[in-house]
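Report on the following structure.
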Amino acid sequence: MHEKTIMLVEDNSDDIVLLQRAFKKCHMESKMVVAHDGIEALEYLFGKCEDDRYKAVLPAVVLLDVKMPRMDGLETLKQIRSHSRTTHLPVVMLTSSDEERDKLQSYNLGANSYIRKPVDFNKFMDVMWHLGLYWLTINELPMHLGRGQNGRRNTGADYRGFRR
Amino acid sequence: MMLDKLLDSASYYLNPYSFPMFITALLIMMLGVYVFIQDKNLVSKSFLIMTLSGSIWQAGIGMMYLMRDAILILSFYKVFVFFGIAMIAPGMYFFTTASLGLLEEKKKYVLANYVIALAFYITSLMTDWLVIGVNEYFWGRYVLYGPLSIPFLVFFFALIIRSLLLYHDSIRKMEPGFKRDQIKLFTISLAIAIMGSVDFLSCFPPLEVYPFGYLPVFVFVSLQTYAILQYKKASLNEIFGAMEDGIIVIDRNGRITEVNHSMEKIIGLSRQDFLGKDILDILFSIADKIENPEKVAALLKEIITKPGKISDEDITLLEPALHISTRSSPLTDRFGTKSGSVIVFRDITERKRLEEELRKYKEELEELVKVRTEELAASEKKYRALVNHAQVGIGIHQGGKTVFANRQLISMLGFTEEEFIGLPISRLIHPAEVKEVMSRARDRYDGKEVIDTYELRLIRKDGSVLPAITSNVVIEYEGNKATLITIVDITESKLRKELEQANQELEMFAYSISHDLRAPLRSIDGFSQALLEDYEEQLDHEGQDYLRRIRAASQRMASMIDAILQLSRIGRYEMRREQVNLSTLAQDITEDLKMADPDRQVEFVIAEGVTVSGDPTLIRVALENLIGNAWKFTRKNENARIELGMMTQGKKHVYYVRDNGAGFDMKYADKLFAPFQRLHSATEYTGTGVGLASVQRIIRRHGGDIWAESVVDKGTTFYFTLE
């Protein structure tokens with residue numbers, strides 16, 4: 001079975017470390033791709049080889065921080081949604097803020113979910129476990145998103161390995 | 001006997017020398033009468049007396065030439081001829097004084113002379129002292145004079161010479177003119193008259209001089225007549241004719257005695273048509289040419305019957321169309337009697353026309369002024385209302401002092417009108433700006449291009465600052481240059497701007513807090529936990545406790561940040577009001593609380609059907625906090641009871657949330673609603689200290705009020721009102 005990829009777009013290195021730690025502790029062995037801002041993320045998603053094929057396999061979910069340098073999360077989300085390849089790509093806003101404005105804008109731009117990172121690491125881990133469980137195993141994706149470069153389908157429903 | 005002889009034709013014989021005498025007598029009498037008829041004034045009267053005396057004298061001598069009998073001649077001479085001779089000298093004197101206008105002062109001499117002449121006459125009748133006999137000459141018989149003749153002739157010549165001297169004096173004093181020429185003529189004729197006295201020489205024989213005195217007498221009278229008539233004609237023609245006004249002279253019977261050329265022109269009748277006619281007859285003959293003949297007739301009648309009165313009246317002629325003003329004045333003769341009236345007719349058509357034009361102009365002007373005044377009043381009223389009700393301040397300053405201000409401007413700056421007018425404008429401007437503003441005002445006065453609308457700070461009466469926008473324009477006010485200023489109070493817009501800016505900053509701040517301040521806390525907490533998990537063996541219990549404390553603190557700080565953000569959000573939150581059911585809301589909240597802590601036993605008493613008008617989200621937050629507080633502080637009470645209700649105070653509804661929990665000391669009541677103020681320790685009762693601050697903010701945003709009553713260990717009641 002092809003290992004599903006999770007893409008994390010986050011500028012704060014502490015948060016990256018904590019998130020990786022949380023995933024590890026939840027035994028989510030999925031491949032994690034990290035981009036440090038929106039531009040890096042888009043480069044990854046839309047980068048092409050010489051034969052005009054996309055370099056990267058689309059991740060199962062993009063975890064997108066709102067506040068970032070260069071290109072922030074909302075702008076990145078807009079770009080993702082405006083591109084046919086990623087129109088339906090699951091994007092989860094993962095951020096510190098619970099600003100109403102951010103929530104509204106995110107949903108308006110087509111975010112699939114909005115999650116606030118709790119300060120308490122235990123709670124944070126809890127959230128990450130739920131998140132991984134849901135997006136990697138429970139959620140079903142359409143064919144064009146589920147299929148990687150080699151045409152393999154993303155198949156879910158295997159969360160036996162997930163442990164809290 | 002004498003009378004028989006006088007009537008007996010035998011007493012007379014035909015003597016041709018008598019003819020010139022009779023002819024002279026007749027001619028001079030006729031001249032005298034003619035003059036008298038022409039003008040019955042004092043001069044013509046005295047002239048008549050003089051000519052009559054002369055005529056008697058000449059006729060008497062003529063008769064004497066025809067008589068044969070000496071006795072008859074003597075008697076006739078004494079009774080008839082001498083009367084004429086005696087009277088002619090005072091007659092001449094009378095005429096002289098009359099024609100010179102000296103009568104009043106010489107009247108008594110005239111009278112005295114007549115008396116003396118009469119005395120000579122009577123003496124000659126009674127005695128033979130004057131006429132003593134008759135002498136015979138080739139031209140007929142002539143009387144001989146006796147001794148009385150000497151004083152008589154002295155008297156006779158004295159009067160004549162006296163007259164001559166009077167005329168002579170007058171000539172010397174007089175300016176050249178008609179009157180002087182006339183007097184000159186009088187003098188010459190009088191001098192000639194003296195030659196007539198050669199007659200007397202025959203009264204004293206042996207001189208045998210033919211008495212041709214009739215010739216000088218005739219010449220004298222003729223010259224006098226000519227002089228009188230010439231003078232009269234000259235004066236009337238020259239004076240009347242030269243006058244532009246029409247003049248009619250009437251006698252006291254209303255008969256026209258004189259009329260001038262202008263009058264002929266006005267009426268269109270010739271002089272001959274006027275003279276001697278009754279003025280009323282003339283009027284009736286031209287009645288159709290006069291606008292109101294009855295009125296004019298009445299006027300003329302009054303002039304005739306009351307000649308002493310001066311009257312003024314305007315009459316209107318239809319043909320030619322003329323407006324005429326009449327003025328009549330009485331004519332008085334030398335004795336002071338009213339002899340008639342002069343009526344002056346002045347053509348005032350042009351004047352009337354001008355008057356009419358003037359009147360019309362005046363009316364037009366008045367109408368114009370009236371209309372303009374009304375317009376002005378209306379527009380002034382409009383402008384006054386506009387100025388006084390304007391929401392901006394409007395004022396005028398002149399020479400650096402205020403001269404006008406509308407109510408708004410005065411109240412804006414906190415003055416009364418009396419205080420404000422006359423105030424130096426420098427007093428009204430902020431000291432930091434006064435120099436610049438004043439120099440700008442001066443430049444504007446001088447016509448330089450300067451900015452006329454700008455922001456400035458004004459100073460109110462109480463010294464406070466009024467931020468304003470002013471607009472300035474140079475106008476003319478009461479004849480002098482002045483500046484019209486318009487002031488808009490921008491306090492509010494300024495405040496709003498500041499507030500908006502502050503809000504924006506606050507929002508930015510809050511946004512940045514919610515993103516950035518929480519991230520480090522998460523690191524602190526997360527890595528503390530990582531330490532606890534990964535390095536448990538290396539850390540003793542104390543070290544582990546420290547890390548746990550670090551985690552607790554960071555989590556508390558996170559919740560405080562959340563609370564602050566919540567509080568700030570309430571202020572920024574856009575409210576929308578609707579009916580909110582407090583009862584069901586409270587029910588929901590209590591359900592949630594019970595669910596979260598199912599072990600607790602709390603009695604809820606919630607009044608039913610309590611509804612308020614407010615924002616549902618905010619009201620919910622407020623109620624959550626209040627009920628949540630009550631839930632929290634009744635934790636230690638076994639018989640906890642939380643109540644929500646409503647009571648009415650006057651017209652106001654007061655809502656309350658009551659508990660029987662821990663309560664607080666009322667002396668700290670003022671700190672209750674301040675953010676981060678806690679009346680209980682965090683260990684005893686958890687919380688951020690922002691809850692009640694949020695509640696107060698919510699209640700206040702609804703225009704209401706909140707307060708609390710509490711007794712320690714007995715419980716607390718929060719009361720609140722909503723607008």
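In what follows, chains are A, B, ... by sequence order, proteins preceding strands, each numbered from 1.
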Report, as yes or no, whether the 6.0 Å neighbourhood of atom [atom1] on [X] holds more than 12 heavy atoms from other residues, nucleotides or ligands.
X      : atom1 : answer
A:K103 : NZ    : yes
B:R600 : CZ    : yes
A:Y107 : OH    : yes
B:M557 : CE    : no
A:H36  : NE2   : yes
B:Q601 : CD    : no

Which bit of [X] is near chain B, if near means a heavy-atom gap under 4.5 Å: side chain, backbone, both or neither?
X      : result
A:D65  : neither
A:K123 : neither
A:D120 : both

Could you check B:Q529 against A:R21 for side-chain contact (heavy atoms from CB on, under 4.5 Å), going step by step and ending with a plain yes or no? CA-CA 11 Å; B:Q529 177 66 10; A:R21 182 183 168 83; 5.8 Å; no
Looking only at heavy atoms, what is the nearest atom pair of A:V119 and B:A558, with distance? CG2-CB, 3.4 Å
Tell me, with the steps shown, if A:K117 and B:R518 meet side-chain contact (heavy atoms from CB on, under 4.5 Å). CA-CA 9 Å; A:K117 293 178 256 184; B:R518 284 166 57 92; 5.8 Å; no
Report yes if some heavy atom in the side chain of B:F527 is under 4.5 Å from a heavy atom in the side chain of A:V17; otherwise report no. yes
Name the member of B:I524, B:L517, B:D562 that forms the most heavy-atom pairs with chain A at distances under 4.5 Å. B:D562
Cationic N near anionic O, under 4.0 Å, A:D14 to B:R522: no
Under a 4.5 Å heavy-atom cut-off, does chain A meet the side chain of B:R551, its backbone, both or neither? side chain
Write out all pairs satisfying side chain to side chain donor-acceptor pair (under 3.5 Å) with one or both partners inside residues 691-700 of chain B, taking only residues at least two apart or from two chains. none
What is the distance from atom CZ of A:F121 to atom OG of B:S554, rounded to the nearest 0.5 Å? 12.5 Å
